[in-house]
Amino acid sequence: MDKHFSEICEFLAKTDDAKTIARFLESLLTPKEVKTLSSRWQIVKLLDRGVPQRKIAKDLHLSLCKITRGSKELKKRNSILKKAISQYQTDG
């Protein structure tokens, strides 16, 4: 893992305040990057609920390539995305 990326991960791991994390990400990322990150999270949640890729692409006006990436990640053994979605559904 890249040293700088690792530092970001360590900061986020030590921060338990959602508002602080949001401020950090909004300071580091452009508005377009924040929107992309949000969109990718929306995609994997929809995929996890069983929404077909083509419907997601049509509804969100996205390419199938972006959706396929999320689908592949969800199919991996011990998928961290599945774990995150599960935690979100439990906590939120």
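Along the sequence shown, residues carry numbers from 1. Given the structure is predicted, the values throughout are model-derived calculations rather than measurements.
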Exercise for the section: Assess whether atom NZ of Lys45 is packed by more than 12 heavy atoms of other residues, nucleotides or ligands within 6.0 Å. Expected result: yes
[X] and [Y]: same hydrophobic cluster, using ILVMFWY side-chain contacts below 4.5 Å?
X     : Y     : value
Leu28 : Ile21 : yes
Leu12 : Leu37 : yes
Leu74 : Leu60 : yes
Val34 : Trp41 : no

Side chains of [X] and [Y] in contact at under 4.5 Å (non-hydrogen atoms):
X     : Y     : answer
Phe11 : Thr15 : yes
Ser63 : Ile67 : no
Leu64 : Ile56 : no
Leu46 : Arg49 : yes
Phe24 : Ile8  : yes

Practice task
Check for a donor-acceptor pair, side chain of Ser86 on one end and backbone N or O of Lys82 on the other, with a separation under 3.5 Å.
Solution key: no
Problem - Short side-chain to backbone donor-acceptor contact, Glu33 and Thr30, under 3.5 Å - result: yes
Atom pair [atom1]/[atom2] of [X] and [Y] - distance to nearest 0.5 Å:
X     : Y     : atom1 : atom2 : answer
Asp48 : Ser71 : CG    : OG    : 10.5 Å
Leu81 : Arg40 : CG    : CZ    : 10.5 Å
Lys3  : Glu10 : NZ    : CD    : 10.0 Å
Leu62 : Thr68 : CG    : OG1   : 11.0 Å
Glu7  : Asp2  : CD    : CG    : 8.5 Å

Handout entry: Check: Ser79/Glu73 side-chain N/O donor and acceptor closer than 3.5 Å
Key = no
